[in-house]
Every structure is written in C-alpha cells, then in structure tokens.
Amino acid sequence: MHTSIIRSTGYWAPSNVITNAELVESYNAYARRFNAEHAAEIAAGEIDEAPFSSSEFITNASGIERRHVYEKSGILDIDTLTPRIPPRRFEDISAQAEFAMKAVRPALEKAGREGAEIDGVIVASSAQQRNFPGLSCEIQNLIGATGWSFDLTMACASALYGLNIANAMIRSGQARRILVCSPEIMTCINVHSRRDVHFIFGDAASAILVEADDGTPGGWEVLGTHTQNKFSNHLRSDYGFINIAERTVDPDYTPGLDQDGHRVFKDVVSLAPVVARDLMTRIGLEPEGVRRAWLHQANIRMVDMIAKRILGRDRTPENAPSILEEYGNTSSSSVVMNFEMNSDDMNAGDTGIMCAYGAGYGVGAAAVRKR
Ligand code: COA
C-alpha cells in the first residue's frame with residue numbers, strides 16, 4: 001500500500017465583489033417591480049407577493065457579508081439577475097476550464113510539477129458547463145497530461161469525493177499523481193430572484209494535487225478519507241439537459257434552485273459530524289488529537305455546530321476557521337480554500353480534518369497530517 005500525500009493546493013476567486021447591500025438593493029428593486037406588475041394576481045390570492053430582503057438578515061442568518069463573483073453587472077441587473085457570459089467558439093478555452101486553470105496552475109507551480117507528470121485529472125464540482133467532452137478532458141489537454149480524466153458531481157462535497165477517489169487510487173498503486181479541481185461558478189446556478197437563496201453563493205475555483213509518497217519532504221499525509229450519502233429533495237437544482245425537452249410540453253417551465261433552508265440546516269448538522277467521526281474512529285483519531293477542522297462554508301451557525309460535534313469542543317477561529325464573511329458559499333471549492341488559507345501556521349505532526357457537505361445529501365471527510 002502506498003502513502004498518499006496532498007502535495008499542494010491552489011485556489012482562485014474573482015476580484016469582482018458584491019456586498020450584501022448591493023445584492024439586497026437589486027433584489028428589492030426586482031421584488032418591488034414584480035409586486036407592482038402582478039398587483040391584481042397578488043390581490044386575488046393567485047400568486048404570492050415577492051418578500052423583501054435585508055442585509056441585516058443575511059449577515060445574522062448566514063455570516064456572509066460579501067461574495068466574489070465571475071460577472072457582477074448581470075447579477076445586479078433586475079432584468080437578468082444572472083451573470084453575463086459571452087458564448088465562446090469551439091477553438092477557444094471554455095469559460096469554466098479557464099476558471100479552473102487559475103487554481104490548477106498555482107497548485108502545479110507550488111509542487112514544482114509539470115502537467116505531463118500528472119496521471120489523472122478529476123473535475124469535481126457542482127456543475128459542468130457542458131455534457132461532453134468532459135471538462136476534465138479539456139483541462140487534461142491544457143496541462144499536457146496524457147493519462148485519464150473524468151468529471152464527477154456531488155454538489156458542495158464534490159472536492160472531497162474527488163479526494164476520496166484520488167486517495168484510493170494512489171494507495172492502491174493505480175496512479176502516482178492526481179489533480180482534483182473544483183471550478184465552481186455557482187452564481188450561474190443560483191436564483192437571484194428568490195429571497196431565501198439569493199445571497200448564498202459566490203464563485204471560486206480550487207485544486208488539490210495528490211501524490212504517492214516518493215520521499216520528497218513536505219506536504220500533508222492523507223490519513224484517511226470517507227464519503228456517505230443520504231437522499232434528500234430539500235436542496236435541489238433542476239437545471240439540466242432535459243429542460244429543453246420539458247419546455248416543449250410546458251413552455252413556461254423554469255427550473256430553479258430550491259431549498260428548505262431549515263430542514264437542510266437540521267439534516268446536515270446531524271449527518272456531517274457522523275461521517276467525520278466514522279472516519280476518525282476508523283483511523284484511530286481522537287477529537288482531542290485534531291488541531292483543526294476545515295469545514296465547508298455554507299452558514300456560520302452550521303460551521304459552529306458541526307465543528308463542535310467533530311472536535312468535541314466549542315468552535316474557535318483557530319480550531320475551525322471561517323471564510324464565509326468574505327466569500328459566501330463557494331460550493332465544493334470552499335473546503336479547499338479554507339484549508340489553504342488556514343494551514344500555514346500548523347506544525348509538522350499536527351492533524352486536521354476536512355469535512356464538506358451539501359445537496360444529495362453528500363458528505364465527504366478527509367483526515368490529514370502535516371509532514
Ligand atoms: N431577508 C429578510 N428576511 C428574511 C430573508 C431575507 N433574505 N429570508 C428569510 N427571511 C425572514 C423569514 O421570512 C422569517 O421571517 P418570520 O420569522 O417573520 O417568518 C425569518 O427571516 C427567518 O427565516 P428562516 O428561513 O427561518 O431563516 P433561517 O434563520 O433559517 O436562515 C438560511 C435561512 C437559508 C440562512 C438557513 O436556513 C440556512 O443557512 N440553511 C442551510 C442552507 C444552506 O446552507 N444550504 C447549502 C448547504 S451546502
């Protein structure tokens with residue numbers, strides 16, 4: 001059995017920032033116009049009026065103050081409430097691959113690796129911009145790798161599902177170096193006209209380079225990985241290839257992103273720590289032996305509760321840091337960003353645990369020790 005090492009990580013977030021105040025101003029302008037245009041149907045009880053949002057609610061309920069976004073003007077324009085992204089020609093790099101490369105390049109550079117040395121590329125993200133060829137094939141080609149590649153999706157837990165597979169393949173000797181990248185352009189999936197979700201997501205890309213130990217010092221030993229699912233419809237996005245066919249039957253069908261926030265909160269806070277603790281039990285890791293938990297960033301109260309259940313002690317910014325305030329929920333890239341931003345101060349021999357959770361429900365956990 002080989003030892004698997006996280007050799008390097010990379011992340012990138014766009015420089016465009018939307019504050020809560022900007023987002024709420026545009027959402028409320030949309031809601032006002034919607035209510036005025038539908039006054040008769042609302043008065044007749046045929047449709048609900050659009051409720052108003054507030055920055056204070058968003059900050060208090062989620063811990064999010066700002067989010068970095070791929071394209072700002074289209075999200076704030078009440079006629080679109082969606083990023084504006086020009087279609088590209090076949091011969092040009094795709095938008096999402098370009099986005100991914102901004103995290104892939106620094107990960108390779110930090111490790112001193114050429115793309116040709118990579119055996120496998122896994123694109124692990126909530127959504128891919130096309131069905132085929134896989135985004136992973138494009139990224140593999142861009143870095144000059146010649147092995148295998150595939151895309152996987154498990155919502156906000158995707159990156160740790162990718163790491164789980166990479167770890168297993170490296171331990172078993174099927175590959176020596178695997179790149180797992182998570183380009184998450186969640187503002188294209190989100191429904192900015194729905195008050196209960198309009199503030200949640202930001203955009204960011206991350207990459208993890210996992211290698212078989214070849215004696216090179218440094219990096220993080222992967223002590224173990226674990227994934228577990230429990231089906232739920234309480235967090236769901238119905239965008240997909242079948243929408244065009246569905247509109248031939250119902251031209252007004254507009255698939256969206258739906259969630260029962262309360263239910264998701266409750267279910268995930270129960271499930272995620274169990275998966276992390278199962279992993280810890282399997283590898284003989286006691287909570288007091290874990291210096292830090294890097295958790296997926298969805299909601300600050302979820303981070304508090306999940307950290308406490310994993311670590312067996314109250315959360316502090318030291319033992320379970322949060323990047324929510326600045327970035328919001330960047331889906332599966334968030335756990336990797338959190339790890340990279342908050343691990344330099346750890347010492348050789350320190351142990352930490354990553355845990356990511358999201359729609360599915362899917363939960364991924366990985367225990368790592370600094371070398
Ligand atoms: N602005 C102002 N008020 C709002 C609002 C908004 N954007 N959204 C909801 N409210 C109001 C509600 O109408 C409700 O008012 P009421 O008490 O008069 O009925 C009140 O605020 C509380 O709403 P509630 O839905 O209970 O808020 P919450 O405290 O549960 O927070 C979430 C909502 C979405 C932040 C929270 O449920 C959550 O984070 N859930 C997990 C979702 C998630 O992270 N999904 C991704 C997982 S990977």
Side-chain angles (χ1 to χ4, degrees), residues 18-32 34 48-65 67 81 124-127 153-161 182 184 186-187 189-202 204 227-230 232-237 256-273 275-276 294-307 322-325 327-338 354-365:
I18 298 183
T19 64
N20 286 348
E22 290 173 297
L23 197 65
V24 165
E25 190 186 332
S26 93
Y27 169 84
N28 284 347
Y30 164 83
R32 254 190 308 277
F34 178 91
D48 293 332
E49 69 176 352
F52 291 104
S53 187
S54 86
S55 295
E56 195 188 10
F57 171 86
I58 296 170
T59 305
N60 291 338
S62 71
I64 301 167
E65 298 269 7
R67 66 284 297 143
L81 297 176
S125 57
S126 281
T153 86
M154 188 40 68
C156 297
S158 297
L160 295 190
Y161 277 65
S182 303
E184 297 284 19
M186 292 302 288
T187 55
I189 297 174
N190 201 2
V191 181
H192 296 101
S193 60
R194 284 199 49 196
R195 182 181 73 157
D196 53 344
V197 292
H198 80 111
F199 56 88
I200 292 178
F201 294 112
T227 55
Q228 193 181 318
N229 293 70
K230 185 177 181 193
S232 166
N233 263 325
H234 297 298
L235 175 52
R236 178 167 169 145
S237 167
L257 183 127
D258 291 304
Q259 76 164 348
D260 175 343
H262 267 295
R263 189 63 195 268
V264 172
F265 191 108
K266 211 166 127 249
D267 291 347
V268 170
V269 163
S270 303
L271 180 64
V275 178
W294 299 279
L295 303 182
H296 168 55
Q297 304 288 295
N299 172 294
I300 192 65
R301 286 177 296 131
M302 286 169 87
V303 169
D304 280 343
M305 292 172 77
I306 293 170
S322 172
I323 58 171
L324 260 178
E325 187 181 322
Y327 297 99
N329 180 345
T330 60
S331 197
S332 72
S333 66
S334 94
V335 70
V336 185
M337 290 169 75
N338 195 355
M354 299 184 217
C355 184
Y357 28 82
Y361 303 117
V363 181

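All ligand and atom numbering here is 1-based and tracks the order in the structure.
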Chemist: Do Asn329 and ligand 1 have an N or O pair less than 3.5 Å apart?
Modeler: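 Among all N and O atoms of Asn329, none is under 3.5 Å from an N or O of ligand 1.
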Chemist: Among Phe265, Tyr27, Phe57, which residue places a heavy atom closest to atom 2 (C) of ligand 1?
Modeler: Phe57
Chemist: What's the shortest heavy-atom distance between Arg67 and Phe199, and which atoms?
Modeler: NH2-O, 3.0 Å
Chemist: Hey, which atoms in ligand 1 end up nearer than 4.0 Å to a heavy atom of Gly358?
Modeler: 48 (S)
Chemist: Pull out every atom of ligand 1 sitting under 4.0 Å from any heavy atom of Gly261, numbered as shown with elements.
Modeler: 37 (O), 40 (N), 41 (C)
Chemist: Taking only heavy atoms of Phe52 into account, list the atoms of ligand 1 that are under 4.0 Å away from them.
Modeler: 1 (N), 2 (C)
Chemist: Glu184 pairs by side chain to side chain donor-acceptor pair (under 3.5 Å) with which of Ser158, Ser332, Ser334, Ser125?
Modeler: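 Looking at Ser158, Ser332, Ser334, Ser125, the match for Glu184 under the side chain to side chain donor-acceptor pair (under 3.5 Å) is Ser332.
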Chemist: Check ligand 1 against Tyr357 and write out every atom of the ligand that is under 4.0 Å from a heavy-atom position of the residue.
Modeler: 48 (S)
Chemist: Please find the pair of heavy atoms, one from Leu257 and one from Asn190, that lie closest to each other, and give the distance.
Modeler: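 Result for this residue pair: CD2-OD1, 4.0 Å.
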Chemist: When you measure from atom 14 (C) of ligand 1 to the protein, is at least one non-hydrogen atom found at a distance under 4.0 Å?
Modeler: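 Given the 4.0 Å limit, the answer for atom 14 (C) of ligand 1 is no, no protein heavy atom qualifies.
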Chemist: Does the protein put a heavy atom less than 4.0 Å from atom 18 (O) of ligand 1?
Modeler: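 Under 4.0 Å from atom 18 (O) of ligand 1, zero protein heavy atoms found.
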Chemist: Does a side chain donor of either Asp267 or Tyr357 reach within less than 3.5 Å of an acceptor in the other side chain?
Modeler: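 No donor-acceptor contact under 3.5 Å links the two side chains.
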Chemist: We want to know whether Ser232 and Tyr361 form a side-chain donor-acceptor pair, criterion being a heavy-atom distance below 3.5 angstrom.
Modeler: yes
Chemist: Which ligand 1 atoms, with their elements, are less than 4.0 angstrom from a heavy-atom of Arg301?
Modeler: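 Contacts of ligand 1 toward Arg301, numbered from 1: 29 (O).
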Chemist: In terms of side-chain heavy atoms, does Ser322 have a donor or acceptor partner in Gln297 at a distance below 3.5 Å?
Modeler: yes
Chemist: Heavy-atom distance from atom 29 (O) of ligand 1 to the protein below 4.0 Å?
Modeler: yes
Chemist: Taking all heavy atoms of Cys355 and all of Ala272, pick out the closest pair and write down the distance.
Modeler: SG-O, 4.0 Å
Chemist: Can you pull out the closest protein heavy atom to atom 44 (O) of ligand 1? Residue, atom name and distance to 0.1 Å, please.
Modeler: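 The closest one turns out to be Ala298 CB, 3.4 Å.
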Chemist: Are the side chains of Thr59 and Glu65 in contact, using a 4.5 Å heavy-atom criterion?
Modeler: yes
Chemist: Taking only heavy atoms of Leu235 into account, list the atoms of ligand 1 that are under 4.0 Å away from them.
Modeler: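 With Leu235 as reference, the close atoms of ligand 1 come out as 46 (C), 47 (C).
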Chemist: Tell me every residue that passes salt bridge (charged side-chain N to carboxylate O under 4.0 Å, His left out) with Arg195, counting only those two or more places apart in sequence or in another chain.
Modeler: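 With sequence neighbours excluded, Arg195 shows a salt bridge (charged side-chain N to carboxylate O under 4.0 Å, His left out) to no residue whatsoever.
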Chemist: If you have a sec, work out which protein heavy atom is nearest atom 39 (O) of ligand 1 and how many Å separate them, to one decimal?
Modeler: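 Answer, as residue, atom name and distance: Asn299 ND2, 2.8 Å.
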Chemist: Could you state the interatomic distance from CD (Glu25) to OG (Ser53), rounded to the nearest 0.5 Å?
Modeler: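 Going from the CD atom of Glu25 to the OG atom of Ser53 covers 12.5 Å.
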Chemist: I want to confirm something. Looking only at heavy atoms, which of His296, Arg195, His262, His234 is nearest to atom 3 (N) of ligand 1?
Modeler: Arg195
Chemist: Who's the nearest protein heavy-atom neighbour of atom 34 (C) of ligand 1, and how far?
Modeler: Gln259 NE2, 3.8 Å
Chemist: For Cys156, take its heavy atoms, then give the atoms of ligand 1 lying under 4.0 Å from any of them.
Modeler: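 What qualifies from ligand 1 is 48 (S).
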